[in-house]
Engineer: 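After the structure tokens below, expect a handful of questions from me.
One-based numbering, in listed order, for ligands and for the atoms of each.
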Amino acid sequence: MTFIDEFLPDLTVESPGRINLIGEHTDYNLGFVMPTAIDKKIILKFRKNGSPTECKVHSLNNNETLLFSLTNIAKSPLNWENYILGVMHELLNRTTKIAGFDCIIQSNLPIGSGLSSSAALECGLASGLNALFDLGLSKEDIVVLSRAAEHNYVGTKCGIMDQYASVMSKPGFVIMLDCRSLESKYIPLNLHDYKLLLLNTNISHSLADSEYNTRLNECLEGLKMIQQKHPNSASLRDVTKPMLDEIKQKIDPVIYNRCEYIIEENDRVIAASNALKNDDLVLFGKLMYGSHDGLQHKYQVSCPELDFLVDYSRDKEFILGSRMMGGGFGGCTINLIHKDVVEAYTKEMSQAYRKKFNIDLDAYLAMPDSGTIIKKQK
Ligand code: ADP
Ligand code: MG
């Protein structure tokens, strides 16, 4: 029998991926987003192994095993190991109650497709160890330390949205999240005859990481210029269009466009939350297209594959809205589509996409679902 065959867990964690209906690249500018967890998730099984210090984590997805000692946590050259080790580093800074454990990971969440498998992995590990060793961490602690792990060990300076959505979501609701105060409003997601269809381009352009950090710096550069006139603006979220226009003559046009996109996207999220409350899916869909247009032209994080999928949908009366989702340069589009045509449209779209790019498209219906679930074995 192998380690995996004879693995009897003390507890199991279901840690979901997430979608974001609208509000892209706004989280690290401390603005608004509208995510929810989905029914695709990472399952993590845990057990104490009796050792004071030795730990073993095995991923069934890449069939790799990470062995480490709690007394010697350091960054690894292997990317996936840093998600684990980063969380361990953050946890061990906060507690001395963790001892040796084994963990097995299995996931049906597409990896690297903008559905945030990274946050699901971090938060699932932190939540499992919190329960296994009775660490007494709150859900908010889990969110914050998981993001710190991604910043400090993986090196992605991400906002708070992914971790928050993975942990805090409630089935049937989207979260209107203020990424500065972490105040969240749960809005019922009533889509009537419409569904949320994810179309995965199955590409990931290598630009993604470097351009992400470039955008972060461009936003900071714009903010600094605005702060010369408006020192109380702590983030781009505090900046209005007239404030930005005051420095239009002085600011680099590219930086201007980045800032303008963020200001407009924050406004769109607020408008979209009102549209949902008013049951106005048509307006909601228009805001999704507005978001994509801003990401394509002003923030410039889209790519030909994503634009092709969104453009294909534009004249279809059964699609209310479509946009790229996630950091960009690949990953998925999210589409608000009438339930009766999902199958036919997916087939048509897949053929058109293959013809254009010679790549197979993947399609999933996103079912809004609960945040982290912990099940203790008896
Ligand atoms: P996304 O969060 O959109 O899926 P990221 O690039 O942020 O994309 O994170 C993907 C990375 O997370 C993978 O490259 C891998 O290192 C890690 N990861 C996610 N799920 C798993 C898993 N089941 N097993 C091992 N590593 C995983
Ligand atoms: Mg990620």
Engineer: Before accepting this row, confirm whether a basic side-chain N of the pair Arg268/Glu265 lies closer than 4.0 Å to the acidic partner's carboxylate O.
Structural biologist: yes

Engineer: Where is the nearest protein heavy atom to atom 6 (O) of ligand 1: which residue, which atom, and how far?
Structural biologist: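 Closest protein heavy atom to atom 6 (O) of ligand 1: Tyr83 OH, 4.2 Å.
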
Engineer: Assess whether salt bridge (charged side-chain N to carboxylate O under 4.0 Å, His left out) is satisfied between Lys241 and Asp267, documenting all intermediate values.
Structural biologist: CA-CA 11 Å; Lys241 190 75 188 319; Asp267 289 345; over 6 Å; no

Engineer: Examine the side chains of Asn130 and Ser127 and answer whether a donor and an acceptor come within less than 3.5 Å of each other.
Structural biologist: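 Judged by distance alone, the side chains do not pair up.
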
Engineer: Using heavy atoms and a threshold below 4.0 Å, how should the contact between Leu115 and ligand 1 be classified: side chain, backbone, both, or neither?
Structural biologist: backbone

Engineer: Under a 3.5 Å distance rule, please check whether Asn82 uses its side chain to pair with a backbone N or O of Ser76 as donor and acceptor.
Structural biologist: yes

Engineer: Can you find a side-chain donor-acceptor pair between Asp102 and His58 that sits under 3.5 Å?
Structural biologist: no

Engineer: Do any of the N, O or S atoms of Thr156 sit under 2.8 Å from the Mg ion (ligand 2)?
Structural biologist: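 Looking at Thr156, which is the residue asked about, there is no N, O or S atom under 2.8 Å from the Mg ion (ligand 2).
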
Engineer: Show which atoms of ligand 1 fall inside a sub-4.0 Å distance from at least one heavy-atom site of Asn62.
Structural biologist: 25 (C)

Engineer: So which bit of Ala119 gets within less than 4.0 Å of ligand 1, heavy atoms only: side chain, backbone, both or neither?
Structural biologist: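 Answer for Ala119: neither.
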
Engineer: Which ligand 1 atoms are under 4.0 Å away from a heavy-atom of Ser113?
Structural biologist: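 That gives atoms 3 (O), 4 (O) of ligand 1.
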
Engineer: Distance alone, cut at 3.5 Å: any donor-acceptor contact between the side chains of Asn202 and Asp360?
Structural biologist: no

Engineer: Check whether any N or O atom of Leu121, backbone or side chain, sits under 3.5 Å from an N or O atom of ligand 1, and answer yes or no.
Structural biologist: no

Engineer: Could you list which atoms of ligand 1 come closer than 4.0 Å to a heavy atom of Ile105?
Structural biologist: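 Selected atoms, number and element: 23 (N).
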
Engineer: So which heavy atom in the protein is nearest atom 26 (N) of ligand 1, and how far is it from that ligand atom?
Structural biologist: Trp80 CB, 3.6 Å

Engineer: Once you restrict to heavy atoms under 4.0 Å, what part of Thr156 touches ligand 1? Side chain, backbone, both or neither.
Structural biologist: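 Neither part.
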
Engineer: Using a 4.0 Å cutoff against the non-hydrogen atoms of Asn79, which atoms of ligand 1 qualify?
Structural biologist: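 Ligand 1 atoms under the 4.0 Å threshold to Asn79: 14 (O), 16 (O).
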
Engineer: When you compare the side chains of Glu348 and Tyr312, does any donor N or O come within less than 3.5 Å of an acceptor on the partner?
Structural biologist: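 Checked: Glu348/Tyr312 side chains pair up, N/O donor to acceptor below 3.5 Å.
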
Engineer: Return the residue, atom name and 0.1 Å-rounded distance of the protein heavy atom closest to atom 8 (O) of ligand 1.
Structural biologist: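 Closest protein heavy atom to atom 8 (O) of ligand 1: Gly112 CA, 3.2 Å.
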
Engineer: Just distances here: any N/O of Ser118 and N/O of ligand 1 closer than 3.5 Å?
Structural biologist: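 Among all N and O atoms of Ser118, at least one is under 3.5 Å from an N or O of ligand 1.
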
Engineer: Are Tyr212 and His25 close enough that their ring centres sit under 6.0 Å apart?
Structural biologist: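 Ring-ring flag for Tyr212/His25: true, centres closer than 6.0 Å.
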
Engineer: Test your reading of the structure: does Ile111 have an N or O sitting under 3.5 Å from an N or O of ligand 1?
Structural biologist: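 Such a contact does not occur with ligand 1.
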
Engineer: At less than 4.0 angstrom from any non-hydrogen atom of Gly114, what atoms of ligand 1 do you find?
Structural biologist: 3 (O)

Engineer: Classify the contact between Ser107 and ligand 1 as side chain, backbone, both or neither, using a heavy-atom distance cut-off of under 4.0 Å.
Structural biologist: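 Side chain only.
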
Engineer: Looking only at distance, does Glu150 have an N or O less than 3.5 Å from an N or O of ligand 1?
Structural biologist: no

Engineer: Which protein heavy atom lies closest to atom 19 (C) of ligand 1, and at what distance to 0.1 Å?
Structural biologist: Ser117 OG, 3.2 Å

Engineer: Taking only Lys NZ, Arg NE, NH1 and NH2, and the carboxylate oxygens of Asp or Glu, determine whether Arg215 and Glu24 approach each other closer than 4.0 Å.
Structural biologist: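 Not counted as a salt bridge, because no side-chain N and carboxylate O are separated by less than 4.0 Å.
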
Engineer: Rounded at 0.5 Å granularity, tell me how far CG in Leu121 sits from CG in Asn61.
Structural biologist: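 So the gap between those two atoms works out to 9.5 Å.
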
Engineer: Among all protein non-hydrogen atoms, which one is nearest to atom 25 (C) of ligand 1, and what is the separation to 0.1 Å?
Structural biologist: Ser59 OG, 3.4 Å

Engineer: Do any N or O atoms from the side chain of His89 and from the backbone of Ala74 form a donor-acceptor pair under 3.5 angstrom?
Structural biologist: no

Engineer: More than 12 foreign heavy atoms under 6.0 Å from NZ of Lys97: is that the case here?
Structural biologist: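 Enclosed: over 12 neighbouring heavy atoms sit under 6.0 Å from NZ of Lys97.
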
Engineer: Is a side-chain donor or acceptor of Ser291 paired with a backbone partner of Leu287 at a separation under 3.5 angstrom?
Structural biologist: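 Such a contact is absent between Ser291 side chain and Leu287 backbone.
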
Engineer: Give me the nearest non-hydrogen protein atom to atom 23 (N) of ligand 1 as residue plus atom name, then the distance to 0.1 Å.
Structural biologist: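 Ranking protein heavy atoms by distance from atom 23 (N) of ligand 1, first comes Asn61 OD1, 3.1 Å.
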
Engineer: So is Gly326 in contact with ligand 1, going by heavy-atom distances below 4.0 Å?
Structural biologist: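 Gly326 does not count as a contact of ligand 1 under the 4.0 Å cut-off.
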
